[in-house]
Amino acid sequence: QVQLEESGGGLAQAGGSLRLSCAASGRIFSTYAMGWFRQAPGKEREFVAAVTWSSGNTLFADSVKGRFAIIRDNAKNTVYLQMNSLKPEDTAVYYCTRGTEYGLLNNPRTYDYWGQGTQVTVSA
């Protein structure tokens with residue numbers, strides 16, 4: 001069993017920054033991926049970013065490329081989502097997730113554990 005604890009959501013102005021954290025505990029192996037998805041009201045959950053734990057390979061959605069960074073801290077089993085140049089359309093509940101690094105990183109089916117979600121609201 002794996003537990004994912006998210007923190008760092010909140011309110012930001014357009015152009016501002018926020019950093020989300022996700023700490024993983026429980027049965028953790030070296031060959032896995034950590035990802036972030038988000039879901040806005042009335043919309044489907046969408047991929048944001050992911051990182052493979054063993055190699056540090058990253059993948060970003062086109063909508064956040066160049067603005068967001070995903071950083072892993074192996075010692076703390078924690079992944080961060082650094083969000084810069086925020087836009088109102090980034091407003092959503094953000095979910096941390098863990099899955100296998102051998103799957104498609106932008107496919108939610110790759111992931112088997114999900115956090116409870118944290119709200120990010122960006123005002124214009």
Side-chain angles (χ1 to χ4, degrees):
Q1 191 73 11
V2 173
Q3 294 80 42
L4 302 174
E5 184 173 353
E6 301 143 334
S7 60
L11 178 65
Q13 291 187 331
S17 298
L18 283 174
R19 188 174 80 161
L20 306 183
S21 301
C22 176
S25 60
R27 296 188 65 195
I28 299 172
F29 303 101
S30 61
T31 54
Y32 64 92
M34 296 288 290
W36 291 93
F37 285 73
R38 67 186 182 186
Q39 188 167 19
K43 295 187 177 181
E44 293 186 355
R45 189 171 297 190
E46 65 173 1
F47 170 75
V48 177
V51 60
T52 58
W53 217 250
S54 59
S55 61
N57 292 330
T58 59
L59 182 67
F60 294 92
D62 289 343
S63 59
V64 306
K65 202 172 293 183
R67 300 189 297 120
F68 289 13
I70 186 167
I71 305 139
R72 79 193 197 284
D73 185 329
N74 295 45
K76 296 182 179 179
N77 288 322
T78 298
V79 64
Y80 304 94
L81 184 68
Q82 178 66 44
M83 305 184 293
N84 301 321
S85 302
L86 284 164
K87 303 176 181 180
E89 50 264 44
D90 294 320
T91 295
V93 176
Y94 283 70
Y95 296 91
C96 174
T97 185
R98 196 221 72 165
T100 173
E101 69 176 20
Y102 301 116
L104 295 175
L105 295 182
N106 59 354
N107 189 332
R109 295 181 180 181
T110 294
Y111 302 92
D112 47 4
Y113 293 98
W114 295 79
Q116 78 283 359
T118 185
Q119 177 70 46
V120 170
T121 302
V122 183
S123 61

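Note that these values count all heavy atoms, side chains included, but never hydrogens, waters or copies made by symmetry.
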Identify the heavy atoms of [X] and [Y] that sit nearest to each other, and give their distance.
X	Y	answer
Ala14	Ala124	CB-CA, 4.3 Å
Ala40	Ala92	N-CB, 3.8 Å
Pro108	Asn106	CD-O, 3.8 Å
Leu59	Leu105	CD2-CB, 3.9 Å
Ile70	Met34	CD1-O, 3.9 Å

Within the 4.5 Å heavy-atom criterion, are [X] and [Y] side-chain neighbours or not?
X	Y	answer
Met83	Val64	no
Ser63	Arg38	yes
Val79	Trp36	yes
Tyr94	Glu6	no

Assess whether atom [atom1] of [X] is packed by more than 12 heavy atoms of other residues, nucleotides or ligands within 6.0 Å.
X	atom1	answer
Glu5	CD	no
Gln119	CD	yes
Glu44	CD	no

Under 3.5 Å, which donor-acceptor pairs link side chains of residues 17-24 to any protein atom two or more places apart or in another chain?
residue : atom : partner : partner atom : Å
Ser17   : OG   : Asn84   : OD1          : 2.9

Are [X] and [Y] grouped together when hydrophobic residues (ILVMFWY) are joined by side-chain heavy atoms under 4.5 angstrom apart?
X	Y	result
Leu4	Tyr80	no
Phe47	Val51	no
Val93	Leu86	no
Phe60	Tyr95	no
Trp114	Val120	no

- Query: Between Tyr32 and Arg98, is there a cation-pi geometry (under 6.0 Å to ring centre, at most 45° from the normal)?
  - Reply: yes
- Please round to the nearest 0.5 Å and tell me the distance separating atom CZ of Arg72 and atom CH2 of Trp53.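 It is 7.0 Å, given to the nearest 0.5 Å.
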- Query: With distance as the sole test, does Thr110 use its side chain to make a donor-acceptor pair with the main-chain N or O of Leu104 at under 3.5 Å?
  - Reply: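 Yes: the side chain of Thr110 pairs with the backbone of Leu104.
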- Message: Between Thr97 and Tyr113 (side chain of the first, backbone of the second, donor and acceptor by atom type, cut-off under 3.5 Å), is there such a pair?
- Response: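 Yes.
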- Should Lys65 and Asp62 count as an ion pair when the cut-off is N to O under 4.0 Å?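 Answer for the salt bridge query: yes.
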- Task: Under the ring-ring contact (aromatic ring centres under 6.0 Å, His included) rule, collect the residues that match up with Tyr111, sequence neighbours excluded.
- Result: Phe37
- Taking only residues two or more places apart in sequence or in another chain, which ones pass salt bridge (charged side-chain N to carboxylate O under 4.0 Å, His left out) with Lys43? none
